[in-house]
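What follows is a set of notes on a single structure, which appears directly below.
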Number of protein chains: 2
Amino acid sequence: MNLTPLAERFVLHFGEMGSRWGVNRTVGQIYALLYISGKPLCADEIGETLAFSRSNVGIGIKELQAWRLVKLVHLPGDRRDFFEPPKDVWDIFRVLMEERRRREIEPTLSMLREALLERPDSEADQIAQDRMREMHGLIELTTGWLDEVQRLSPETVIRLMQLGAKVQKVLEFADKLKFGGRDGGEA
Amino acid sequence: MNLTPLAERFVLHFGEMGSRWGVNRTVGQIYALLYISGKPLCADEIGETLAFSRSNVGIGIKELQAWRLVKLVHLPGDRRDFFEPPKDVWDIFRVLMEERRRREIEPTLSMLREALLERPDSEADQIAQDRMREMHGLIELTTGWLDEVQRLSPETVIRLMQLGAKVQKVLEFADKLKFGGRDGGEA
DNA sequence: TTAAATTTCCAGTAAATACTGGAAATTGAA
DNA sequence: TTCAATTTCCAGTATTTACTGGAAATTTAA
């Protein structure tokens with residue numbers, strides 16, 4: 001399979017960006033190719049198009065599967081493995097957020113929880129623990145919020161985003177109408 | 001300067017996590033150390049505490065400055081450069097979001113904008129461009145929302161987060177009261 | 001059960017990144 | 001202006017990560 005100049009630019013860009021997103025060039029390019037192809041591709045097709053060795057494609061796909069960004073599909077009458085990304089771009093977004101959270105946030109949250117259980121036995125530890133408590137509070141708040149948002153339908157989330165800063169006005173109304181914080185009471 | 005076991009765990013953890021956040025071990029550890037120290041540190045102190053060469057500390061600090069995660073300060077009667085992170089953890093959060101957006105999102109947005117201006121001259125390009133349009137729409141929506149949210153006070157953002165999924169109820173009210181989308185009209 | 005197609009694994013190699021120590025440049029007090 | 005303190009730069013080395021080709025294992029149609 002041969003790439004059009006348009007497709008090639010897209011693929012090369014994702015290869016470059018890969019490193020900023022925690023994956024290597026190969027993985028970035030493979031994902032980009034699958035994303036714009038509009039149909040499932042098999043490992044050989046990918047390797048041929050991007051000029052990667054068969055093994056390299058295999059490793060890349062395995063990584064994308066670990067990210068839940070591509071899934072394995074089978075075409076009737078063909079025993080090869082084919083791969084495709086989630087159809088809906090919102091699904092991709094959600095998965096990406098979940099995975100990044102799992103990899104980048106959760107380990108730190110665990111560490112902080114443990115560290116905050118200990119009794120500080122010096123002034124330095126006292127200060128350090130205070131700082132950790134601040135960080136912990138922020139992470140709890142934002143991940144808790146993310147949990148809640150994920151329970152909303154994509155349509156609601158879209159509406160919310162379109163509302164933008166006007167949400168402040170809505171909030172002021174909420175105050176009057178006694179919509180409180182997450183405990184349901186007033187602030 | 002010597003680390004307590006508590007502080008050491010924190011520092012080592014951030015060293016490990018660094019790679020997942022797009023910085024190396026050195027940078028992660030330096031930042032962690034500055035974060036929990038509660039006072040500005042100079043390069044020598046950092047290098048001595050973490051057992052890094054003086055140059056390595058210099059490079060690491062430069063990178064943290066590029067991220068706007070530490071700032072240079074001077075202590076009276078001392079000509080050495082001292083460094084400290086923003087005091088407020090919400091500032092750190094905001095800067096982190098801004099920088100990640102600038103590095104991870106903006107380049108892709110530019111590329112998509114350009115690619116979408118072109119006239120597709122094959123069915124494959126047509127499909128590819130459709131996919132790019134989807135991605136572009138999602139990014140525009142979310143970054144536009146982020147822009148708006150940044151205009152709110154931290155207190156408002158905190159309240160919003162604490163509201164969580166209950167925001168849906170508020171939105172339903174907003175509907176009745178004719179709070180519309182970002183254009184101010186009704187949906 | 002066999003054999004061809006396909007995937008996974010692995011050892012070796014290539015490339016990129018991180019790190020060091022020292023030399024050069026810069027800074028600021030005297 | 002001088003000189004000591006401090007920072008920045010740079011070349012070389014070490015470490016880590018990426019990639020390849022082939023061999024072994026697995027799968028499935030016949």
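We use all heavy atoms of the structure for the numbers below, so side chains are in, but hydrogens, waters and symmetry mates are not. Proteins get letters first, then strands, A, B, ... in listed order; numbering begins at 1 in each.
Considering A:Glu99, A:Glu104, A:Glu106 in turn, A:Glu99 is the only one that fulfils the salt bridge (Lys or Arg N to Asp or Glu O under 4.0 Å) rule with A:Arg102.
Using a cutoff of 4.0 Å between basic side-chain nitrogens and carboxylate oxygens, A:Arg131 and A:Glu134 are scored as salt-bridged.
One distance of note links CD of A:Glu155 with CG of A:Leu160; it measures 13.0 Å at 0.5 Å rounding. Going from atom OH of A:Tyr35 over to atom CE of B:Met132 covers 9.0 Å, rounded to the nearest 0.5 Å. The CG atom of B:Leu12 lies 13.5 Å from the CE atom of B:Met17; values are rounded to the nearest 0.5 Å.
For B:Lys62, the NZ atom counts as loosely surrounded, since its 6.0 Å shell holds 12 or fewer non-hydrogen atoms of other residues, nucleotides or ligands. Heavy atoms from other residues, nucleotides or ligands lying under 6.0 Å from CG of A:Asn2 number 12 at most. Other residues, nucleotides and ligands contribute over 12 non-hydrogen atoms within 6.0 Å of the CE atom of A:Met1. Annotation: B:Lys39, atom NZ; neighbour count of heavy atoms from other residues, nucleotides and ligands within 6.0 Å does not exceed 12.
Defining each end axis of the helix from C:dT1-D:dA30 to C:dA30-D:dT1 as the rotation carrying four pairs' C1' atoms onto the next four, with five pairs an end, the two axes are found to diverge by 30° to 10 degrees.
For DNA chain C, the neighbouring residues in residues 47-81 of chain A, judged by any heavy atom under 4.0 Å, are A:Arg54, A:Ser55, A:Lys62, A:Arg79, A:Arg80, A:Asp81.
Ring orientation note: the planes of A:Phe14 and A:Phe10 are tilted relative to one another, at an angle of 30° to 60°.
Where DNA chain D meets chain B (any atom under 4.0 Å from a heavy atom), the bounding nucleotides read 5' to 3' are D:dA4 to D:dC9.
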